[in-house]
Amino acid sequence: DHDRPRTFVGRDRRRGDRVDRLTGRDDLLRATTAITLGLVLVLVALGGAVRATDSGLACPDWPFCYGKIIPRQADIPADSGYTLWNVWLEHSHRLVASLVGLLIVVLALWVWRSGRARTVRVVILASLVAVIVQGLLGALVVLHLLQGELVTAHLGTSMVVVACLVVAVDALARPDE
């Protein structure tokens, strides 16, 4: 860690110590983590929109939607009560969730291999566990027809993912982490 290039950014106001920050890969790691956090917040908002529009069962199967990766109007039964808007809202939630899951897997591998500080490794790995639980809960929510306890657990787990990524972004902004 001491061999990596550092950029002087000033002095610590309390102790007067020199404050450096790592450059290059660490900036990319922090940016990727922040982007992932932003996508998680978009995902939570999409989940709220899905719930508010009663679109949670607009894709009645999982992981596909009407058995397809990309649902079409023709796939939606006329008597389902759902429009293509409902279907795409739910399906978009799933697609963004897949992207978030992939990004968190990448982050977990990245911090594991990079030998980052313990705080960063722990919270990124915790976010990986939480996002896996989140995906499983999302599937159960659909398969168990929006059972209230599962919907609440699904939302609660999303807050764990948000918290882990907030801590990770903060820790990555500190030169000693």
Side-chain angles (χ1 to χ4, degrees), residues 25 28-77 80-114 116 120-172:
R25 288 188 196 161
L28 184 58
L29 176 59
R30 185 173 49 253
T32 305
T33 306
I35 288 167
T36 304
L37 173 59
L39 281 173
V40 169
L41 295 173
V42 167
L43 184 59
V44 170
L46 272 173
V50 165
R51 184 78 175 126
T53 59
D54 289 327
S55 300
L57 295 177
C59 291
D61 51 340
W62 193 91
F64 299 110
C65 188
Y66 293 101
K68 303 227 168 84
I69 294 173
I70 300 175
R72 300 169 302 143
Q73 181 71 48
D75 300 324
I76 306 166
S80 70
Y82 295 112
T83 66
L84 190 58
W85 163 252
N86 299 115
V87 170
W88 270 101
L89 189 59
E90 168 61 16
H91 197 58
S92 296
H93 181 67
R94 293 180 186 189
L95 292 174
V96 173
S98 298
L99 178 59
V100 164
L102 179 64
L103 282 170
I104 290 177
V105 167
V106 167
L107 288 173
L109 291 171
W110 194 342
V111 299
W112 187 262
R113 292 177 47 108
S114 72
R116 295 296 308 175
V120 174
R121 284 196 322 266
V122 167
V123 295
I124 293 290
L125 292 175
S127 73
L128 176 62
V129 170
V131 86
I132 290 168
V133 170
Q134 180 72 354
L136 293 172
L137 284 170
L140 289 173
V141 163
V142 171
L143 298 175
H144 288 273
L145 307 175
L146 306 177
Q147 186 178 348
E149 295 84 359
L150 291 172
V151 172
T152 303
H154 186 60
L155 174 61
T157 306
S158 72
M159 295 298 102
V160 172
V161 175
V162 168
C164 287
L165 291 175
V166 165
V167 171
V169 168
D170 180 63
L172 286 166

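- Remark: Ser80 pairs with no residue by the side chain to side chain donor-acceptor pair (under 3.5 Å) rule, at least two apart or across chains.
- Listed by first and then second residue, the salt bridge (charged side-chain N to carboxylate O under 4.0 Å, His left out) pairs involving residues 43-69 are Lys68-Asp75 (not counting sequence neighbours).
- Between His154 and Gln134, the shortest heavy-atom contact is O-OE1, 2.7 Å.
- Contacts of His91 classified as ring-ring contact (aromatic ring centres under 6.0 Å, His included), with partners at least two apart in sequence or in another chain: Trp88.
- Arg121 contributes atom CZ, which lies 14.0 Å from atom CZ of Arg113 (distance to the nearest 0.5 angstrom).
- Remark: Ala130 engages Thr157, Val160, Val161 in a side chain to side chain contact (heavy atoms under 4.5 Å, CB included) (not counting sequence neighbours).
- Here Leu107 contributes atom CG and Thr36 contributes atom OG1; the two are 4.5 Å apart, rounded to the nearest 0.5 Å.
- For the residue pair Ser114 and Val111, the shortest heavy atom distance occurs at OG-O, 3.3 Å.
- Applying the side chain to side chain donor-acceptor pair (under 3.5 Å) rule to Thr32 yields no partners; only residues at least two apart in sequence or on another chain are considered.
- The disulfide (SG to SG under 2.5 Å) contacts involving residues 30-66 comprise Cys59-Cys65, where partners must be two or more places apart or lie in separate chains.
- Atom CG of residue Leu165 and atom CD1 of residue Ile104 lie 5.0 Å apart, to the nearest 0.5 angstrom.
- Taking every heavy atom of both residues into account, Ala108 and Leu128 meet most closely at CB-CD2, 3.8 Å.
- The CG atom of Leu109 sits 9.0 Å away from atom CG of Leu125, with the distance rounded to the nearest 0.5 Å.
- The side chain to side chain donor-acceptor pair (under 3.5 Å) check on Gln73 picks up nothing, with sequence neighbours excluded.
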### Message
Using the rule given for side-chain contact (heavy atoms from CB on, under 4.5 Å), can you reason through Leu28 versus Trp110, listing the C-alpha separation, both sets of side-chain angles and the distance that settles it, and then say yes or no?
### Response
CA-CA 11 Å; Leu28 184 58; Trp110 194 342; 3.5 Å; yes

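- Pairing each heavy atom of Trp62 with each of Gly135, the nearest pair is CZ2-O, 4.0 Å.
- The shortest side-chain heavy-atom distance between Val141 and Gln147 does not fall under the 4.5 Å cut-off.
- Pairs passing the salt bridge (charged side-chain N to carboxylate O under 4.0 Å, His left out) check and including a residue from residues 151-163, sequence neighbours excluded, do not occur.
- The salt bridge (charged side-chain N to carboxylate O under 4.0 Å, His left out) contacts involving residues 85-108 comprise Glu90-Arg94, where partners must be two or more places apart or lie in separate chains.
- To the nearest 0.5 Å, atom CG of residue Leu99 and atom CD1 of residue Ile35 are 10.5 Å apart.
- For the side chain to side chain contact (heavy atoms under 4.5 Å, CB included) test, residues two or more places apart in sequence or in another chain that qualify with Leu136 are Ile132.
- The side chain to side chain contact (heavy atoms under 4.5 Å, CB included) search around Leu57 returns Tyr82, Val142, Leu145, Leu146, not counting sequence neighbours.
- Counting non-hydrogen atoms of neighbouring residues, nucleotides and ligands closer than 6.0 angstrom, the CD1 atom of Ile70 reaches no more than 12 such neighbours.
- Taking the side chain to side chain contact (heavy atoms under 4.5 Å, CB included) definition, one finds that Ala168 meets it with Thr33, Val123, Ile124, sequence neighbours left out.
- In this structure, Val120 and Ala171 approach most closely via the heavy-atom pair CG2-CB, 3.7 Å.
- When all heavy atoms of Ala58 and Val87 are compared, the closest pair comes out as O-CG2, 3.5 Å.
- To the nearest 0.5 Å, atoms CG (Leu29) and CG (Leu172) are separated by 4.5 Å.
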